[in-house]
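Quick notes on the structure that follows.
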Amino acid sequence: MSQRYNHKIAEKKWQKEWVDKDIFSSKKNKNKKKYYVLEMFPYPSGKIHMGHVRNYTLGDVVARYKKMRGFNVMHPMGWDAFGLPAENAAMVEKKSPEEWTYKNIDTMKGQLKSMGFSFDWKKELATCHPEYYKHEQEFFIEMYKNGLAYKKESEVNWDPIDKTVLANEQVIDGRGWRSGALVEKKFLSQWFLKTSKYSEELLKDLDSLYEWPEKVKVMQKNWIGKSVGAEIRFEINTDGLKENKITVYTTRPDTIYGATFIAISPQHPLCKILSKKEKKIQNFLDDCKKSNPDKEKLGFNTNIKVNHPLTKKQLPVYIANFVLMDYGLGAIFGCPAHDQRDLDFANKFNLDVITVVKDKKNFKEITNEAFTGEGTIVNSDFLNGLDIESAKIKIVEYLEEKGLGNQKTNYKLRDWGVSRQRYWGCPIPILYREDGAVLPVQKKDLPIMLPKNESKNRYFESLKDLKNWKTTVCPETGMVAVRETDTFDTFFESSWYFLRFCNPRLDKALDFDDIKYWLPVDQYIGGIEHAILHLLYSRFFTKALRDLNYIKLDEPFKGLFTQGMVTHKTFKNSKNEWIEPNDVFSKNDKLFDLNGNVVSSGSIEKMSKSKKNVIDPTQIIDVYGADTARWFMLSDSPPERDLEWTETGVASSYKFINKIWELSEQLNEYKPSGGLEKNSYMDDFDKIINEVSSNIESFHFNKSVAKVYEYVNLLSTLVSKKQIEKNELGSVIKKLSIIIHPFIPHISEEIWLNVGGDGLCAMANWPETKTSFEKKSFKMPIQINGKTRSLIEVSIEEEKEGIIKRAMADPKIKKYIENKKVVKTIYVKNKIVSLVTK
RNA sequence: GGGAGUAUGGCGGAACUGGUAGACGCGCCGGAUUCAAAAUCCGGUCACUUCGGUGGUGUGGGUUCGAUUCCCUCUACUCCUACCA
């Protein structure tokens, strides 16, 4: 009898075989068409989780499939190795972040290898390695020299207990995540990259990304936030101020005649001047700092008046806590009739409301609800009678002519603040000389090495405290200089790793020719959570490096796929504590935890430690094998949707693996019954293979899986009825091992070997199949009034008239048309006959 | 407040440009095998039915010979984003 498939032995064996034969190393070959598959590289947090398994399984399907289709595939893997968790872990475990990180990399690499992914490990890189980050130090210097990097004062979240800057996501309900201290806003001088210089190009080029999900493009578009409006100048009518005008930004210049007040941001330069004069204003500005505009709209009448540029009426100037300084000009005109927030504000401070847009048909007096719809301009002098769009054009022309304003395009996209006051990151290569000069480090002095943290007892959080490290001399003048102690945001590293993969050991940063061959990434796969930041920064970086002459490339990622999360049922006991699935037992249809508390099963949520609904991939691989885990990941759920991890699902995948093994084992002793129908089924296998292929190409792996099941079902029916000849059976099983290879490569190799395949299945070509099939006859549906009432066998050559005649004569159909009049006959060739009766 | 998406059996999900709704898998039911169970194999499985049929893809409507598919309405849920002037 056949032996049960032993995944533990087989999977190890093939993994070793692939390494020994070195089949996944990618080499540039200009005679072959390249295909670059990339999954978002992981942060080495300790162990891989199911999210990784899903991500890399999807990528592996593409990589292996494209290889079998004859492409020169590059499928690299590396480590996004800088970041805060290493610092936190270092404090707890009393290890240096470096030691902790490299240990994790080692563990996770082992886990990834046990999944059988076709990574080119020769291209592995870790971003915390000086050989990697020295190049980004060079990029930064080039950016600085070319005006793409600059320093300015900016607001940060400051934790007064931990004495550190926190990222936005480390602030929970206004408190530091570790210390629990109320977070303060603090101004620090920080480094920025000029992403805003590329706003228009980043927006425009989204149109060229045909293979990106529409929703990601929409998110980026909204983030860039282009708006076309106008800047309008209001003359100040109050003496004794240095300023003589306030300029506002608006996207509704057509409502200028409805303006009844001006509001400026608490950070507006004018406020600084005013606050020095009046204590009350200073107090109000302090209140604003503490306030939350979400909950409470604050306003303060400055008693300054400005002239309306057209009517010359005097308008009051307010300071308002909801006006943002870093969008537009930090000043707005209020038009209460046509903006809800302005109306609320006007009602609160008893300001005028002037209707200037009217919907003639459904006009309502404005009281508590602003009118923001389409309409006709009224009360607006020469704009009266125009629609909104024409009024916008006309008023801007007029303002420009009179020197009162101008058209202006604005973007929400801001410059990227890359400074982090942390230890475990890439040092920013800048020197501050004692005479005040700010100097980029000279390239020959790179890398600026991150100092080792040797102390086991006290772990440092920032480079600021390291006097010896940060004190140096200016190489040109010999003057004393201090190093920049900020490190880069870790998005800096991930913004170019996909370029470095082409040649990760190269002395210089990038090889022009290699990038030209391998890039853009043909298929990038990762989580939707990176829809904006990582993907936008990478796009920016690509364009910036292009303009600095490192590469010739506009967009880094040709195809993008964003996969869904892995979820699992949650459990809670009667004490309202989360319980791990492994610790739940069923007894008399009720669930209990280890301590005998009643457990209820809760909602299905993303796997997370806090909810204790995590399934460890290592355990699954151990018990069921990597192929089972991969097959389950790909079955049922479409890759872009969430996937619910279920025990029954895993078990059925395991069953399938064993089933195809048993099936392939039958070949040796197989004897057909003779007198077989020749070849009628071979077309069916080809049809199924075609669908497996097209579903892989379109990322519908769950449908490919369904088709593989059909293939196996057909095969096992033929085998059990002994209706297939032995040669053909061999060939069909051989093809099976190929088409399952991208999904479950280990057992595929095992079956391939069993049926006498040459070399490795991983190196085999995807089967050649027929693409057009002679259909001699088929069952054509006959409908009465749109409902299918019968099927008749129709030969492919049969003429329309004959088919209709036979359809009407069909006994089932006859019943429906007796005593009725057929008023219409619809015939669609090779598809359907539809009769309309009365 | 703004934007995007989703809705199909007990469950996950199929259905190409409108043309036999429910592929495939899970679960469930019945049977075989077994001393028994597990495993495995075979059959059935949208609902109702007087066994002729009838109804059925979140709701209500429309276009059409024919709608899961196209258009409008409403509802529910999910995600993103947020004072962006």
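A, B, ... follow the sequence lines: proteins, then strands. Residue 1 opens every chain. Since this is a predicted model, take the numbers as computed values, not measurements.
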(Q) Quick check on RNA chain B: between A/D642 and A/N222, whose nearest nucleotide comes earlier from the 5' end? (A) A/N222
Q: Could you run through nucleotides 52-58 of chain B and give me one letter per nucleotide, 5' to 3': B if any protein heavy atom sits under 4.0 Å from the base, S if only the sugar-phosphate is that close, - if neither?
A: SSSS---
(Q) If you compare every side-chain N and O of A/N702 against the phosphate oxygens of B/A14 (OP1, OP2), does one of them come in below 4.0 Å? (A) yes
(Q) Using the C1' atom as the point on both nucleotides, what is the distance between B/C16 and B/U20, in whole Å? (A) 15 Å
Q.
On the nucleotide B/A15, are OP1 or OP2 found under 4.0 Å from the side-chain N or O atoms that A/K703 carries?
A. yes
Q) Is any side-chain N or O of A/Y249 closer than 4.0 Å to OP1 or OP2 of B/C84? A) no
**Q.** Span that lies between the P atom of B/C48 and that of B/G62, in whole angstrom
**A.** 29 Å
**Q.** Rounded distance in Å - CD (A/E214) to C1' (B/A4)
**A.** 10 Å
(Q) Classify A/S652 by what it touches in the nucleic acid, base, sugar-phosphate, or nothing, heavy-atom distance under 4.0 Å. (A) sugar-phosphate
Q.
In this structure, is the centre-to-centre distance between the rings of A/Y537 and A/W416 below 6.0 Å?
A. yes
Q. Between A/Y709 and A/F656, does a ring pair (Phe, Tyr, Trp, His ring centres under 6.0 Å) hold up when you go through it step by step?
A. CA-CA 9 Å; A/Y709 275 112; A/F656 174 75; 4.7 Å; yes
Q. Looking at A/D810 and A/K812, does any basic side-chain N land under 4.0 Å from a carboxylate oxygen?
A. no
Q. For A/N713, which contact category applies under a 4.0 Å heavy-atom criterion: base, sugar-phosphate, or nothing?
A. sugar-phosphate
(Q) Please confirm whether the shortest side-chain N or O distance from A/R641 to OP1 or OP2 of B/G13 is below 4.0 Å. (A) yes
Q | Salt-bridge criterion met for A/K659 and A/E662 (N-O under 4.0 Å) | A | no
Q | side-chain N/O A/T646 vs B/C11 OP1/OP2, d < 4.0 Å | A | no
Q. B/A85 phosphate, OP1 or OP2: any side-chain N/O from A/N410 under 4.0 angstrom?
A. no
Q: Could you please name the option among B/G19, B/G13, B/C26 that lies closest to any side-chain atom of A/T648?
A: B/C26
Q | Lys/Arg-Asp/Glu bridge criterion (N-O < 4.0 Å) met for A/K569, A/E605 | A | no
Q.
Please give the distance between the P atoms of B/A23 and B/U75 as a whole number of Å.
A. 34 Å
Q: Would you mind telling me which residue lines up with the more 5' stretch of RNA chain B, A/Q783 or A/D339, judged by nearest nucleotide?
A: A/Q783
Q. Base, sugar-phosphate alone, or nothing: which one does A/F322 contact when heavy atoms must sit under 4.0 Å apart?
A. base
Q.
Tell me if the side-chain of A/Q340 makes a donor-acceptor pair with the base of B/G1, cut-off 3.5 Å, by modelled atom types.
A. no
Q: Please check if the distance between the ring centroids of A/F300 and A/Y318 is under 6.0 Å.
A: no
Q. Touch check for A/K297, heavy atoms < 4.0 angstrom, all strands: base, sugar-phosphate only, or nothing?
A. base
Q. With sugar-phosphate meaning primed atoms plus P, OP1 and OP2, does A/V218 contact a base, only sugar-phosphate, or nothing at under 4.0 Å between heavy atoms?
A. sugar-phosphate
Q: Look at A/R341 and B/C84 and indicate whether a side-chain polar atom (N or O) is within less than 4.0 Å of OP1 or OP2.
A: yes
Q: Mind checking A/V323 for me? I need base, sugar-phosphate or nothing, with any heavy atom below 4.0 Å counting as a touch.
A: base
Q: Examine A/F322 together with A/F345 and report whether their ring centres are nearer than 6.0 Å.
A: yes
